[in-house]
Amino acid sequence: MIEKLILLALKFSQFALVGMTGLIIDFVVTFLLKEKLKVNKYVANSSGFLVAATNNYLLNRMWTFRNDHPDVPIQYVKFIAVSLIGLVLNNAILKFLHDRMKLNFYIAKLIAIAIVLFWNFTANLFFTFK
């Protein structure tokens with residue numbers, strides 16, 4: 001039991017580290033679209049999130065879950081589906097924190113990402129990379 005918990009904690013740590021690379025990509029894309037190209041903040045947020053999700057799929061497949069499932073397109077679609085549910089949660093949390101609670105957009109985005117991390121890890125562990 002202890003070994004399984006240690007392995008799960010390791011996988012979560014790897015998933016979170018991969019998520020940090022995604023976070024950087026997410027913020028760069030979001031910032032460029034929102035601030036430089038003046039795209040709607042939710043469209044910019046969604047775009048950043050989806051570009052980061054693709055990066056995260058590849059890194060999680062190779063490193064975190066060391067998965068060699070041969071049907072990559074199906075697995076990618078599952079990962080993106082989990083990410084899209086996470087995106088809906090992300091945008092709902094962002095809307096609440098930024099629009100209603102008046103938190104800074106990027107602070108609200110960080111909080112939303114942290115909350116959605118737990119959803120993404122659990123769903124990918126049991127659904128995408130099972």
Side-chain angles (χ1 to χ4, degrees):
M1 178 68 168
I2 297 290
E3 290 175 10
K4 285 186 179 184
L5 288 175
I6 291 171
L7 181 60
L8 186 62
L10 176 63
K11 282 189 186 297
F12 182 80
S13 298
Q14 289 173 300
F15 190 85
L17 190 56
V18 167
M20 292 301 294
T21 67
L23 176 73
I24 293 166
I25 291 168
D26 188 347
F27 267 73
V28 167
V29 171
T30 301
F31 176 81
L32 290 174
L33 290 174
K34 180 181 177 289
E35 305 300 335
K36 300 299 181 188
L37 298 178
K38 304 300 182 201
V39 172
N40 174 279
K41 62 188 171 189
Y42 297 108
V43 172
N45 183 56
S46 298
S47 299
F49 191 86
L50 290 173
V51 171
T54 299
N55 168 77
N56 290 0
Y57 166 72
L58 295 170
L59 291 177
N60 279 312
R61 176 181 164 82
M62 292 183 292
W63 185 52
T64 306
F65 298 103
R66 300 183 197 279
N67 190 275
D68 59 357
H69 190 279
D71 200 350
V72 173
I74 295 296
Q75 193 177 57
Y76 178 73
V77 167
K78 286 180 174 183
F79 189 88
I80 293 301
V82 167
S83 296
L84 287 173
I85 293 168
L87 175 62
V88 169
L89 294 170
N90 183 290
N91 276 329
I93 294 165
L94 183 61
K95 183 170 182 58
F96 174 76
L97 293 175
H98 178 63
D99 292 353
R100 304 215 353 114
M101 302 300 291
K102 304 300 182 203
L103 274 177
N104 173 278
F105 178 81
Y106 293 102
I107 291 172
K109 184 171 175 60
L110 269 176
I111 293 168
I113 288 168
I115 293 168
V116 171
L117 169 67
F118 291 99
W119 154 257
N120 284 340
F121 176 73
T122 304
N124 282 301
L125 178 66
F126 293 111
F127 177 65
T128 307
F129 297 109
K130 63 179 177 168

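None of these values were measured; they are calculated from a predicted model. Every heavy atom of this structure was used, including side-chain atoms; hydrogens, water molecules and symmetry mates were not.
- Atom CG of residue Asn56 and atom OG1 of residue Thr64 lie 8.5 Å apart, to the nearest 0.5 angstrom.
- Atom CG of Leu117 and atom OG1 of Thr122 lie 8.5 Å apart (nearest 0.5 Å).
- Taking the side-chain contact (heavy atoms from CB on, under 4.5 Å) definition, one finds that Lys34 meets it with Lys41, Ala44, Phe105, Tyr106, sequence neighbours left out.
- Placement of Leu110 and Phe118 in two distinct hydrophobic clusters is found when ILVMFWY residues are connected by side-chain heavy-atom separations under 4.5 Å, directly or transitively.
- Phe31 and Phe27 end up in the same hydrophobic cluster when Ile, Leu, Val, Met, Phe, Trp and Tyr side chains are linked at under 4.5 Å.
- Taken to the nearest 0.5 Å, the NE2 atom of His98 stands 7.5 Å off from the NZ atom of Lys102.
- Considering only heavy atoms from C-beta on, Phe121 stays 4.5 Å or farther from Asn60 through its side chain.
- Shown here for Asp26 and Gly48, the closest heavy-atom pair between the two residues is OD1-C, 3.3 Å.
- To the nearest 0.5 Å, atoms CD1 (Ile115) and CG (Leu89) are separated by 9.5 Å.
- The hydrophobic cluster containing Met62 also contains Phe12, counting ILVMFWY residues as joined when their side-chain heavy atoms lie under 4.5 angstrom apart, directly or transitively.
- Residue Ile25 holds its CD1 atom at 11.0 Å from OG1 of Thr30, rounded to the nearest 0.5 Å.
- The shortest side-chain heavy-atom distance between Pro73 and Asp71 falls under the 4.5 Å cut-off.
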Side-chain donor-acceptor pairs under 3.5 Å in residues 15-23, sequence neighbours left out?
residue	atom	partner	partner atom	Å
Thr21	OG1	Val18	O	2.6
Thr21	OG1	Asn55	ND2	3.1

Could you pull out all donor-acceptor pairs under 3.5 Å where a side-chain atom in residues 123-130 meets a protein atom, sequence neighbours excluded?
residue	atom	partner	partner atom	Å
Asn124	OD1	Thr128	OG1	2.7
Asn124	ND2	Asn120	O	2.8

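- Residues Val51 and Tyr57 are members of separate hydrophobic clusters, defined by side-chain heavy-atom contacts under 4.5 angstrom among Ile, Leu, Val, Met, Phe, Trp and Tyr.
- Tyr42 pairs by the side-chain contact (heavy atoms from CB on, under 4.5 Å) definition with Asn40, Asn91, Leu94, Lys95, Asp99, not counting sequence neighbours.
- Between Asn67 and Gln75, the shortest heavy-atom distance links the atoms OD1-NE2, 2.7 Å.
- Looking only at side-chain heavy atoms (C-beta outward), Arg61 and His69 come within less than 4.5 Å of each other.
- Cluster annotation: Val72 and Leu50 are assigned to the same hydrophobic cluster (Ile/Leu/Val/Met/Phe/Trp/Tyr, side-chain heavy-atom contacts under 4.5 Å, transitive).
- Side chains of Ile113 and Phe49 form no contact here, defined as non-hydrogen atoms less than 4.5 Å apart.
- Residues satisfying the side-chain contact (heavy atoms from CB on, under 4.5 Å) criterion with Leu37, sequence neighbours excluded, are Leu33, Val39.
- Residues passing the side-chain contact (heavy atoms from CB on, under 4.5 Å) test with Ile80, sequence neighbours excluded: Ala53, Thr54, Tyr76, Leu84.
- Between Ile111 and Phe96 the shortest side-chain heavy-atom distance does not fall below 4.5 Å.
- Taking CG of Leu87 as the start and OG of Ser83 as the end, the distance is 8.5 Å to the nearest 0.5 Å.
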